[in-house]
2 protein chains.
Amino acid sequence: MAIVTVPVLSRSERNAMAMQAAGTERPATIHDIAAMCGVAASTVSRALSTPDRVNIRTRARIEAAAAQLNYTPNSQAKALSSGRTGAVGVLVPDITNPFYFDLIRGTQLQLKAAGYTQLLVDTEESDEVEASSMEQLRKSADGIIVTASRLSDEALLAAAAKTPIVTINRDVAGVPAVVIDTPSATSQALDHLISLGHTQIAYMAGPLTSQSSTLRWTALAAAAEERGVDVRRLGPFAPKTQSGAAAADAAVHSGVTACIAFNDLIAIGMLQRLRERGIRVPEDMSVVGCDDIFGADFCNPPLTTMASPIEQAGRVAVSMLLAQLNPLAGGGSRSRSLMPTHLTVRGSTGPAPAAS
Amino acid sequence: MAIVTVPVLSRSERNAMAMQAAGTERPATIHDIAAMCGVAASTVSRALSTPDRVNIRTRARIEAAAAQLNYTPNSQAKALSSGRTGAVGVLVPDITNPFYFDLIRGTQLQLKAAGYTQLLVDTEESDEVEASSMEQLRKSADGIIVTASRLSDEALLAAAAKTPIVTINRDVAGVPAVVIDTPSATSQALDHLISLGHTQIAYMAGPLTSQSSTLRWTALAAAAEERGVDVRRLGPFAPKTQSGAAAADAAVHSGVTACIAFNDLIAIGMLQRLRERGIRVPEDMSVVGCDDIFGADFCNPPLTTMASPIEQAGRVAVSMLLAQLNPLAGGGSRSRSLMPTHLTVRGSTGPAPAAS
DNA sequence: CAAATGATGACAACCGATTGCCAAATGTTG
DNA sequence: CAACATTTGGCAATCGGTTGTCATCATTTG
């Protein structure tokens, strides 16, 4: 029986063969550069990451070779040895919600500017998915931005101990957070409605698990008491336009003349339903939304809403996270950032109808 | 001078110390499992990835240990050695555009279902950013979904030779593609307008680099000739609501009674501008959009538009890409998928005004 | 009972980078 | 010119897995 000797191939030989076979030019590695320059791979690594550590002449040679081979470091390998992945996870409860479009845009822009990659994850409004995603991201991302978390305070705190985290619209002591100050805008909305003569007002609540909704209601109820007007809470309603129909019906049935919705989606859904039912906005019913999402300005009528600097919130969250990741840059990173909001009055609010 | 002997620590010892020091429980590795079960790390690897290759009893022990340690494989390391990252890049020209929201949702859902991670990248409508992103993703993703590419046919073809790619709304021979059949819907839109008595119609074109816009215009011009009506092309206009103002003015100035916009954003922008100028829709001017994005149903008036199965297109693109990645599953993967569209008539189109 | 067969699991190389440590080369000073 | 200080760059271990190869052990068969 003949013994077939299989020649042992060096890395570059194999690479060359692979290229020949597949026609697919394999990305260059530091070894390729090292071979080309006649130095060790470690020197190449240093030349590119710690330039001072390498003679300026060899560095120049290496840089030239790198450019010629069109070298780009393999991020996987980098991540494995250095421990940092250059990626940041962004968790949103529902990509469908336009609110998060602006947020995602903000994080995306800021992350890209800092050379990071964005890993977008839809947690489907589920705390379980959220928890498992975070666990997963712990290894594949350097940090996580969690929006409108559905997790318990304890769970969030525990997670924050393991991974750098910044939350958005979820305030837990000990976890850096960006909070959009809609509760204060809620009072403005109430004053706006009161100035229009409304005294019977409803708050169309969001999900029970939403801290934002709770905070808004608390602020609203306090302000209402203070001002001596009647504000009742209806719902909860899912933050989708479809829920707007139920919300509209509930509002009409309750006899109020104005309502403040948890968010613009519900408000826009209400507008549609009210129109269907022949109830005029704002003549018969005033509607205030929250967030000023895409569409709030061109719906019918245009929506009076509490404008949130959503995209900016995303950017700030990224900045806070990056400050946490690279403490060197100084500038003591604040652990909490409150984003101001303001009321944008459009066509969906008007004077209260004469008492019937 | 005393010689201090630094004890050499084993991996697990170091790990233990790190845990003690930081209080941060480091994720378990196959080595931890191996140590716990008294087997080699490679055996653990096989037990988890090639179960048949390992005795059922040891496998059970390993699985138990893995569960107890709450083991999750490190995706970076996996990617490094296996060559596959479990991630798919999704390139969109502009995250701002609501069209891509639906698309992103579709890809996200389908990718997650298949256990893949989505890497979202905004190419900012720039061919350079697009090219560099693709080069970057070549190593950090198993495949790429490119929407409305700004690259040349050659560049796309070259890229597709190096990485599995599926394009959306960009048809290049040799590159798998999902194409939304808006050109055919354009003819339907034309017929709809003709049936309403319009004879002077404008097409508000999108970016010159957009193949979709060109194809729609070609189909529209052909259909117009066939039917003997006058359709002129105006623009190009950027696909943003802000461009709608210019588009509206151009349409009015050209004297047409109806226009078909490249997409809903332009159409919605037009509606706003026309309203500002006191031009009634649809009494004075009919407007047709394209895509049926979020907001098209509740703008004022609701927009007649060519409805695209956007989310579905995203899902199909993912399926095609995954079929390309795992050819084993059989089912000869088609290289081109045409998504049907249809006209959704709402309030923005009406009978042509009596000749003035 | 010995030989052939197959199941099982350990060893070690490898993926592409980073980094501590050390030796060689270079430069400086007395 | 010797002694010492500094660069400079290579070696090798490491990150956490995967996978080819091979020795070993148990089982079946002649």
Side-chain angles (χ1 to χ4, degrees), chain A residues 3-6 8-15 18 26-35 37-62 66 69 71-86 138-140 142, chain B residues 4 6 8-15 18 26-35 37-62 66 69 71-86 138-140 142:
Chain A
I3 295 181
V4 179
T5 306
V6 178
V8 177
L9 300 179
S10 75
R11 181 193 309 247
S12 51
E13 284 170 334
R14 266 187 296 108
N15 188 10
R26 217 202 47 178
T29 72
I30 51 171
H31 295 95
D32 300 328
I33 300 179
C37 297
V39 298
S42 55
T43 304
V44 177
S45 174
R46 285 204 179 83
L48 299 174
S49 56
T50 327
D52 298 335
R53 191 69 180 60
V54 160
N55 186 302
I56 192 164
R57 301 202 43 183
T58 44
R59 194 212 306 179
R61 267 173 39 228
I62 288 173
L69 291 177
Y71 168 79
T72 345
N74 180 313
S75 54
Q76 317 293 335
K78 208 166 200 162
L80 188 55
S81 58
S82 68
R84 31 182 48 208
T85 63
R138 189 146 85 88
K139 282 184 302 241
S140 52
D142 294 340
Chain B
V4 179
V6 178
V8 176
L9 299 179
S10 74
R11 182 193 308 245
S12 53
E13 283 170 335
R14 267 186 296 108
N15 188 12
R26 216 201 48 176
T29 71
I30 52 171
H31 296 95
D32 299 329
I33 300 178
C37 298
V39 298
S42 55
T43 304
V44 177
S45 174
R46 286 209 173 79
L48 298 174
S49 55
T50 326
D52 297 336
R53 191 69 181 60
V54 162
N55 186 301
I56 191 164
R57 300 201 44 182
T58 45
R59 194 211 305 179
R61 266 172 41 227
I62 289 172
L69 291 178
Y71 168 80
T72 345
N74 180 314
S75 54
Q76 316 292 335
K78 208 166 199 162
L80 189 54
S81 57
S82 67
R84 31 180 49 207
T85 63
R138 189 147 86 88
K139 283 183 303 243
S140 52
D142 293 340

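Order of the sequence lines fixes the chain letters, A, B, ..., with proteins taken first and strands second; residue numbering starts at 1 for each chain.
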Nearest-Å distance, [atom1] ([X]) to [atom2] ([N])?
| X | N | atom1 | atom2 | value |
| --- | --- | --- | --- | --- |
| Arg57(B) | dC25(D) | CZ | C1' | 16 Å |
| Gln76(B) | dG16(C) | CD | P | 15 Å |
| His31(B) | dA12(C) | NE2 | C1' | 12 Å |
| Ile33(B) | dG9(C) | CD1 | P | 15 Å |
| Lys139(A) | dC15(D) | NZ | P | 16 Å |
| Ile30(A) | dA12(D) | CD1 | P | 16 Å |
| Ile56(B) | dT8(C) | CD1 | P | 9 Å |
| Leu80(B) | dT14(D) | CG | P | 17 Å |

Report summary line: On DNA chain C, more 5' by nearest nucleotide between Thr72(A) and Asp52(B) is Asp52(B)

Report summary line: Residue pair Asn55(B)/Ser81(B) against DNA chain C: nearer the 5' end by closest nucleotide is Asn55(B)

Would you say a side-chain N or O of [X] is under 4.0 Å from OP1 or OP2 of [N]?
| X | N | value |
| --- | --- | --- |
| Ser82(B) | dT19(D) | no |
| Ser45(B) | dG17(D) | no |
| Ser42(A) | dG9(D) | no |

Which nucleotide wins on minimum distance to the side chain of [X], given the candidates [options]?
| X | options | answer |
| --- | --- | --- |
| Arg53(B) | dG16(C), dT21(D), dG16(D) | dT21(D) |
| Thr29(A) | dC11(D), dA17(C), dG16(D) | dA17(C) |
| Val39(B) | dA10(C), dG16(D), dT8(C) | dA10(C) |

Report task. Of all the heavy-atom pairs spanning Ala47(B) and Ile62(B), show the shortest one and how long it is. Result -> CB-CD1, 3.7 Å

Query raised in the report: Quick one: on DNA chain D, does Thr43(B) or Ala77(B) contact a more 5' nucleotide (nearest heavy atom)?
Result: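 Checking each residue's closest nucleotide, the 5'-ward one belongs to Ala77(B).
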
Requested in this report: Give one of base, sugar-phosphate or nothing for Thr50(A), where a contact means two heavy atoms less than 4.0 Å apart.
Outcome: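 Answer is nothing: Thr50(A) stays at 4.0 Å or more from every strand.
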
Report task. Mind checking Val54(B) for me? I need base, sugar-phosphate or nothing, with any heavy atom below 4.0 Å counting as a touch. Result ->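 Result for Val54(B) = sugar-phosphate.
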
Any donor-acceptor pair under 3.5 Å linking the side chain of [X] with the backbone of [Y]?
| X | Y | result |
| --- | --- | --- |
| Arg46(A) | Val54(A) | no |
| Lys139(B) | Thr72(A) | yes |
| Thr85(B) | Ser140(B) | yes |

Query raised in the report: Are any of the side-chain heavy atoms of Leu48(B) and Tyr71(B) separated by less than 4.5 Å?
Result: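 Of all side-chain heavy-atom pairs linking Tyr71(B) with Leu48(B), at least one is under 4.5 Å.
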
Query raised in the report: Do the side chain of Arg46(B) and the base of dG20(D) come within less than 3.5 angstrom through a donor-acceptor pair of N or O atoms?
Result: yes

